[in-house]
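Report on one structure; see the data block that follows.
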Amino acid sequence: MTLGLPSPRRGLLLGVRGWTAVLTALIVVVVLVPLLNLVVPEGSLFHLSEFHVQLVGKIMCYAICALAMDLIWGYTGILSLGHGLFFALGGYGMGMYLMRQIGRDGNYQSDLPDFMVFLDWKALPWHWTFSDSFLAQLILLLLVPGLLAFVFGFFAFRSRIKGVYFSIITQAMTFAAMLLFFRNETGFGGNNGFTDFKRILGVPIALPGTRVFLFVLTGLTLIGFFLMARAIVNSKYGRVLQAIRDAESRVMFTGYDPLAYKLGIWTLSAVMCAVAGALYVPQVGIINPGEMSPAASIEIAIWAAVGGRATLIGPIVGAFFVNGAKSWFTQVFPEFWLYFLGALFIAVTLFLPQGIVGLFNKIKERRA
């Protein structure tokens, strides 16, 4: 229980070292990476290729999902195995807009997306009505996942479903959505999804400047979400969440209603994943139902566990560590990647229950 503790200190939430780290991250994202990619010539040892810019940008999107998972799992005790659904919904929302931006530059030179022409569709389905408006799609890609999470969470938390049962239900929901999006008649591209994007806001996506801008935007979003999460967990609201994680029945006994607190952080976490999905699609260039697979949602939980739950920075570290290793292993030892991932998760569970960040904290404590 944490309700009886004195109020957390206001003002700087990170301390001098923390704010120094945030400032360093801002400089790297806003200044260093653009310079290394756009200014330093390709033949130079210090040149950062577009591949690596895209790779780090993609991992930062994953880090946002891991941070969202930490808020509900690490600080509230709610393990979701379905957050890949919200990530994919945000990606599909952005993908619909990008598909409309192709215009008549597609293979069939039609106002309809190529997959609709191939399936002999004569007009856009109703849910594509506002897909040509960036602002409308931006609102929808936040509203739809948020509303779905709110409705699902309301009934689940009101019924006091928790633990492994809640995890199974979230995974079942995500799997059902994946099967739905695989169907061609839903108007989401079937198993191929959306790809071959040309422009965003009228600017070609393939331009180096556009890719760097998306990278910077993703980095700023990650830093912004981290600061927001830090403010939340250091507030009274965050203290109640941690109390719910530790002893929900005692929280109810003291007069708090866990439903409102759990529902609020659950919905916020879903919206964060949707934002990550929206930033992911223009950088990677594709979105398909595979992002809703059970494995994709389980990986989000693995990132949080490997980095260290209830630390905020830990899941970000875990996302970079696991996906960086994945990128290297799939190039050098592609047939052994899944074995490595499984062994990594087992090793962390057995020997590092507090993750990578927890290991460093223990080392600091021993030195102190």
Side-chain angles (χ1 to χ4, degrees), residues 1-10 13 64-86 145-174 225-274 297-298 300-305 307-316 318 349 353-355 357-358 361:
M1 284 288 288
T2 59
L3 291 180
L5 297 177
S7 299
R9 187 176 58 180
R10 302 295 179 183
L13 299 174
I64 294 174
C65 293
L67 181 63
M69 175 65 69
D70 196 30
L71 285 175
I72 60 170
W73 188 23
Y75 286 94
T76 317
I78 303 171
L79 175 57
S80 168
L81 297 181
H83 259 44
L85 170 60
F86 306 120
L147 183 60
L148 175 62
F150 181 86
V151 173
F152 175 85
F154 175 79
F155 288 105
F157 297 141
R158 191 182 66 169
S159 301
R160 297 185 182 179
I161 300 174
K162 61 180 67 174
V164 65
Y165 303 104
F166 184 86
S167 302
I168 293 174
I169 291 176
T170 56
Q171 190 170 79
M173 176 183 66
T174 304
F225 275 143
F226 173 79
L227 294 176
M228 179 194 70
R230 187 76 179 183
I232 288 175
V233 300
N234 282 327
S235 66
K236 179 182 177 182
Y237 180 82
R239 288 157 56 79
V240 174
L241 292 178
Q242 295 170 64
I244 292 173
R245 174 198 63 192
D246 297 336
E248 184 173 347
S249 59
R250 294 178 64 185
V251 173
M252 297 174 62
F253 181 76
T254 57
Y256 288 87
D257 182 12
L259 173 62
Y261 289 89
K262 293 165 68 174
L263 188 58
I265 199 65
W266 166 259
T267 304
L268 174 62
S269 177
V271 171
M272 289 173 62
C273 285
S297 295
I298 292 174
I300 298 177
I302 291 177
W303 303 333
R309 289 186 295 150
T311 60
L312 294 183
I313 191 62
I316 297 176
T349 303
Q354 296 179 344
V357 173
N361 290 335

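We count residues from 1, following the sequence as given.
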Name the orientation class of the two ring planes belonging to F150 and F154 (parallel below 30°, tilted from 30 to 60°, perpendicular beyond 60°).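 Parallel, since the angle between the ring planes stays under 30°.
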What orientation do F166 and F157 show, parallel under 30°, tilted 30 to 60°, or perpendicular over 60°?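 Aromatic pair F166/F157 classed parallel.
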Which pair of non-hydrogen atoms, one from [X] and one from [Y], has the smallest distance, and what is that distance?
{"X": "V357", "Y": "G314", "answer": "CG2-CA, 3.4 Å"}
{"X": "A310", "Y": "G74", "answer": "CB-O, 3.4 Å"}
{"X": "A66", "Y": "W303", "answer": "CB-CB, 4.0 Å"}
{"X": "M272", "Y": "I64", "answer": "O-CG2, 3.5 Å"}
{"X": "I300", "Y": "G84", "answer": "CD1-N, 4.0 Å"}
{"X": "A301", "Y": "L79", "answer": "CB-CD1, 4.1 Å"}

Are side-chain heavy atoms of [X] and [Y] found at a separation under 4.5 Å?
{"X": "K262", "Y": "I244", "answer": "yes"}
{"X": "L241", "Y": "V233", "answer": "no"}
{"X": "I298", "Y": "Q171", "answer": "yes"}

Using only atom types and a distance under 3.5 Å, with no angle test, would you say the side chain of [X] pairs donor to acceptor with the backbone of [Y]?
{"X": "W266", "Y": "I72", "value": "no"}
{"X": "Y237", "Y": "Y261", "value": "yes"}
{"X": "S269", "Y": "I265", "value": "no"}
{"X": "R309", "Y": "A304", "value": "no"}
{"X": "Y75", "Y": "Q242", "value": "no"}
{"X": "T174", "Y": "H83", "value": "no"}

What's the verdict on side chain to side chain contact (heavy atoms under 4.5 Å, CB included) for M173 and F152, showing C-alpha distance, side-chain angles and the deciding distance? CA-CA 9 Å; M173 176 183 66; F152 175 85; 3.6 Å; yes
Identified side-chain contact (heavy atoms from CB on, under 4.5 Å) counterpart of L81 within the set V164, T170, I169, I168: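 Testing each of V164, T170, I169, I168 against L81, the sole residue satisfying side-chain contact (heavy atoms from CB on, under 4.5 Å) is T170.
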If you count heavy atoms of other groups shown closer than 6.0 angstrom to OH of Y165, is the number above 12?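 No, OH of Y165 has 12 or fewer neighbouring heavy atoms, counting only those of other groups under 6.0 Å.
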With rounding to the nearest 0.5 angstrom, report the CD1 to CG distance, I78 to L71.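 The distance works out to 10.5 Å.
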Hey, is E248 close enough to R160 for a salt bridge, meaning N to O under 4.0 Å?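 Between R160 and E248 there is no salt bridge, as every charged N stays at least 4.0 Å from the carboxylate O atoms.
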